[in-house]
Number of protein chains: 2
Amino acid sequence: MSQSIKLTIDAVVFGYEEGKITVLLIKRKYEPFKNKWAIPGGFIQGDESLEQAVERELYEETGIKINYLEQLYTFGQPERDPRGRIVSIAYFGLVRPDAFKLFASTDAEDAQWFSIDELPELSFDHKEILELAIKRLQSKITYEPIGFELLDKKFPFSDLEKLYSTLLGRKVDRRNFRKKIVGLNVLDELDEKVSKGSGRPANLFQFNQKRYFQLKKEGIIFEI
Amino acid sequence: MSQSIKLTIDAVVFGYEEGKITVLLIKRKYEPFKNKWAIPGGFIQGDESLEQAVERELYEETGIKINYLEQLYTFGQPERDPRGRIVSIAYFGLVRPDAFKLFASTDAEDAQWFSIDELPELSFDHKEILELAIKRLQSKITYEPIGFELLDKKFPFSDLEKLYSTLLGRKVDRRNFRKKIVGLNVLDELDEKVSKGSGRPANLFQFNQKRYFQLKKEGIIFEI
DNA sequence: GCAAAAGTGTTCAAACTACACCCATGA
DNA sequence: TCATGGGTGTAGTTTGAACACTTTTGC
């Protein structure tokens with residue numbers, strides 16, 4: 001009872017740059033949807049795990065290495081791909097800003113970051129996949145500390161605040177936000193400052209993953 | 001670039017009976033794991049959607065029809081199935097108590113309900129799948145009104161309370177719980193009462209899905 | 001009239017929201 | 001010295017948690 005169903009993975013990779021959430025897309029080289037933009041992805045090889053497939057495809061197609069990856073949803077409508085029955089396991093990943101530079105140095109004219117407010121037309125059902133990923137990202141940052149994965153390892157509080165404000169689509173009160181996050185006890189305040197040209201230099205913070213896992217084990221939950 | 005990867009669905013179906021959360025398992029007829037218990041599931045046919053595949057397999061293997069279904073997770077570790085590379089898209093479903101009777105009337109000696117506190121040994125990685133499903137159910141009832149799908153359409157408040165108390169694994173305060181749920185405005189109080197033999201008869205309630213969707217559209221969220 | 005389950009309000013503590021001024025630096 | 005962004009506390013409101021007695025029915 002062998003199936004002719006084929007299996008692919010797709011990866012929605014988010015970044016954060018200049019106050020905008022961005023997503024990594026590739027320009028397709030072949031039909032169908034030749035020269036159209038699409039979420040990176042491809043077929044799974046027989047001996048690799050799903051996550052390995054995602055990391056491999058991303059690296060092959062865009063040269064990028066992600067630092068957070070989770071499974072999003074599996075899309076399997078019979079008519080979603082004109083080539084036949086193709087089921088795709090979609091993932092979503094996050095990269096730190098330094099990945100942008102890394103990426104820029106590779107030869108990948110067919111891969112590009114787009115602000116999620118200015119998306120091109122997408123291939124297949126990739127619009128639907130991307131929209132689901134955005135929803136997931138928006139809701140997930142409120143109950144898991146994944147926002148840090150979009151920032152540099154050391155970041156000023158204002159960056160975190162701006163990120164949340166962007167993702168949630170509303171202003172967040174600086175004082176209340178800081179109180180809340182500091183109260184969660186998962187940030188280390190460093191003895192470093194950074195200046196953004198003008199204004200008082202900001203203290204740098206760093207996410208303490210060890211402490212987070214410790215607290216999580218104790219049943220203390222992250223919640224914004 | 002055709003793959004030899006095969007694709008199956010598996011369905012974790014939960015019920016609720018006598019204050020216990022139960023799960024539907026089947027006894028395997030063939031190797032591997034012959035005569036061992038497993039989550040119902042099977043191969044997807046070329047022309048059906050994933051959800052259709054789940055419903056078909058469930059009906060074929062257990063005679064049951066579920067009234068709530070959602071995708072859980074896709075399991076794809078290369079070594080999860082000794083027969084070769086088989087990726088499985090796991091779903092989780094809920095059935096109302098009347099499905100128990102329906103089910104009992106069919107010829108399905110190889111399918112059986114188990115309390116999730118007294119599970120037999122399971123085939124493949126089905127223990128892992130089931131554990132994930134339980135976690136998902138536990139967390140999901142706190143932010144989506146899916147608990148009602150485990151009760152009769154008309155139910156006394158105490159049933160709902162007992163269900164939550166069972167799923168969350170802790171006592172819930174009757175007064176506070178009722179206040180909270182009534183405040184959500186998604187229950188209709190009926191002009192019917194039900195008596196459980198002794199004690200004051202209870203008013204029956206019914207989940208009003210229309211009103212829930214309406215409220216959801218307006219951005220009002222369900223949360224326990 | 002008594003056992004058994006249903007129904008109902010109030011009080012206290014904790015968490016959340018709103019809000020404005022001073023601080024440190026670069027130009 | 002001024003413009004710019006960083007840093008901080010308090011008061012009022014809302015929400016959540018704890019808690020006990022009355023009501024309705026069957027026996």
Side-chain angles (χ1 to χ4, degrees), chain A residues 16 18-19 141-143 147-148 151-152 154-166 168-206 215 218-224, chain B residues 16 18-19 139 141-143 147-148 151-152 154-166 168-206 215 219-224:
Chain A
Y16 180 61
E18 293 169 11
I141 55 153
T142 68
Y143 64 91
F148 307 109
L151 302 177
D152 286 313
K154 302 171 177 186
F155 55 87
F157 228 103
S158 55
D159 279 11
L160 188 63
E161 184 199 320
K162 238 175 277 167
L163 172 65
Y164 271 81
S165 153
T166 303
L168 301 176
R170 57 183 159 86
K171 293 220 187 317
V172 300
D173 182 275
R174 187 149 39 114
R175 279 177 283 194
N176 294 339
F177 182 76
R178 192 172 176 130
K179 244 182 294 175
K180 189 83 177 266
I181 301 277
V182 169
L184 293 171
N185 240 330
V186 294
L187 288 191
D188 292 334
E189 185 162 9
L190 305 175
D191 276 338
E192 282 178 73
K193 289 186 198 298
V194 69
S195 170
K196 291 205 179 155
S198 78
R200 173 176 176 175
N203 263 322
L204 289 178
F205 289 81
Q206 189 165 353
L215 290 171
E218 295 168 12
I220 289 151
I221 51 166
F222 180 93
E223 200 180 0
I224 304 295
Chain B
Y16 180 62
E18 293 169 12
S139 78
I141 55 154
T142 68
Y143 64 91
F148 307 109
L151 302 176
D152 287 312
K154 302 170 177 186
F155 55 87
F157 227 102
S158 54
D159 279 11
L160 188 64
E161 183 198 321
K162 236 173 279 166
L163 172 65
Y164 270 83
S165 151
T166 304
L168 302 176
R170 56 182 159 86
K171 291 221 189 314
V172 300
D173 183 273
R174 187 148 38 113
R175 280 175 285 194
N176 293 339
F177 181 74
R178 191 171 177 133
K179 244 182 294 178
K180 190 84 176 262
I181 301 275
V182 169
L184 294 172
N185 238 330
V186 295
L187 288 190
D188 292 334
E189 185 162 9
L190 304 175
D191 275 337
E192 281 178 76
K193 289 184 198 300
V194 68
S195 170
K196 291 202 177 156
S198 78
R200 175 175 173 173
N203 263 321
L204 289 178
F205 289 80
Q206 188 165 355
L215 292 169
I220 290 152
I221 53 167
F222 180 94
E223 200 179 3
I224 304 295

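A quick note: this is a predicted structure, and the numbers were derived from the prediction, not measured. Below, chains carry the letters A, B, ... as their sequence lines are ordered, and counting in each starts from 1.
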Subject >> Whole angstrom value for the distance that separates P of D:dT13 from CG of A:Asn176 >> reply: 16 Å
**OP:** Using a 4.0 Å heavy-atom cut-off across all strands, classify B:Lys196 as base, sugar-phosphate, or nothing.
**Re:** nothing
Original post:
Taking the six-membered ring for Trp, is the centroid-to-centroid distance between A:Tyr164 and A:Phe177 below 6.0 Å?
Top reply: yes
Original post:
Which distance, rounded to the nearest 0.5 Å, do you find between the CG of B:Leu163 and the CZ of B:Phe148?
Top reply: 9.5 Å
Original post:
If you pin A:Phe157 and A:Gly199 to their nearest nucleotides in DNA chain D, which one's is more 5'?
Top reply: A:Gly199
Subject >> B:Phe205-B:Phe157 aromatic ring centre distance below 6.0 Å >> reply: yes
Subject >> Whole angstrom value for the distance that separates C1' of C:dA18 from CZ of A:Arg170 >> reply: 14 Å
**OP:** Send over the distance from A:Leu184 CG to C:dA15 P, rounded to a whole Å.
**Re:** 12 Å
Original post:
Which is true for A:Asp173 with a 4.0 Å heavy-atom rule: it touches a base, it touches only sugar-phosphate, or it touches nothing?
Top reply: base
Subject >> N/O (side chain, B:Asn203) to phosphate O (OP1/OP2, C:dA6) under 4.0 Å >> reply: no
Original post:
Under 4.0 angstrom, heavy atoms only, what part of the nucleic acid is A:Lys193 near: base, sugar-phosphate, or nothing?
Top reply: nothing
**OP:** Check whether any side-chain N or O of A:Ser158 sits under 4.0 Å from OP1 or OP2 of D:dG6, and answer yes or no.
**Re:** yes
**OP:** Round to a whole Å and report the spacing from CZ of B:Arg174 to C1' of C:dA6.
**Re:** 6 Å
Original post:
Nearest-Å distance, CZ (B:Arg178) to P (D:dA20)?
Top reply: 20 Å
Original post:
Hey, is CD on A:Glu218 packed in by over 12 heavy atoms from elsewhere, all under 6.0 Å?
Top reply: yes
Subject >> Value in whole Å for how far the P atom of D:dG16 lies from CD of B:Glu223 >> reply: 8 Å
Subject >> Length of the CZ-P vector between A:Arg200 and D:dC2, whole Å >> reply: 20 Å
Original post:
Can B:Asp173 and B:Lys179 be counted as an ion pair, charged N to O under 4.0 angstrom?
Top reply: no
Original post:
Between C:dT17, C:dG7, D:dA18, which nucleotide has the shortest distance from any of its atoms to the side chain of B:Lys179?
Top reply: D:dA18
Original post:
Atom CZ of A:Arg175 and atom C1' of C:dC22: how far apart are they, to the nearest Å?
Top reply: 11 Å
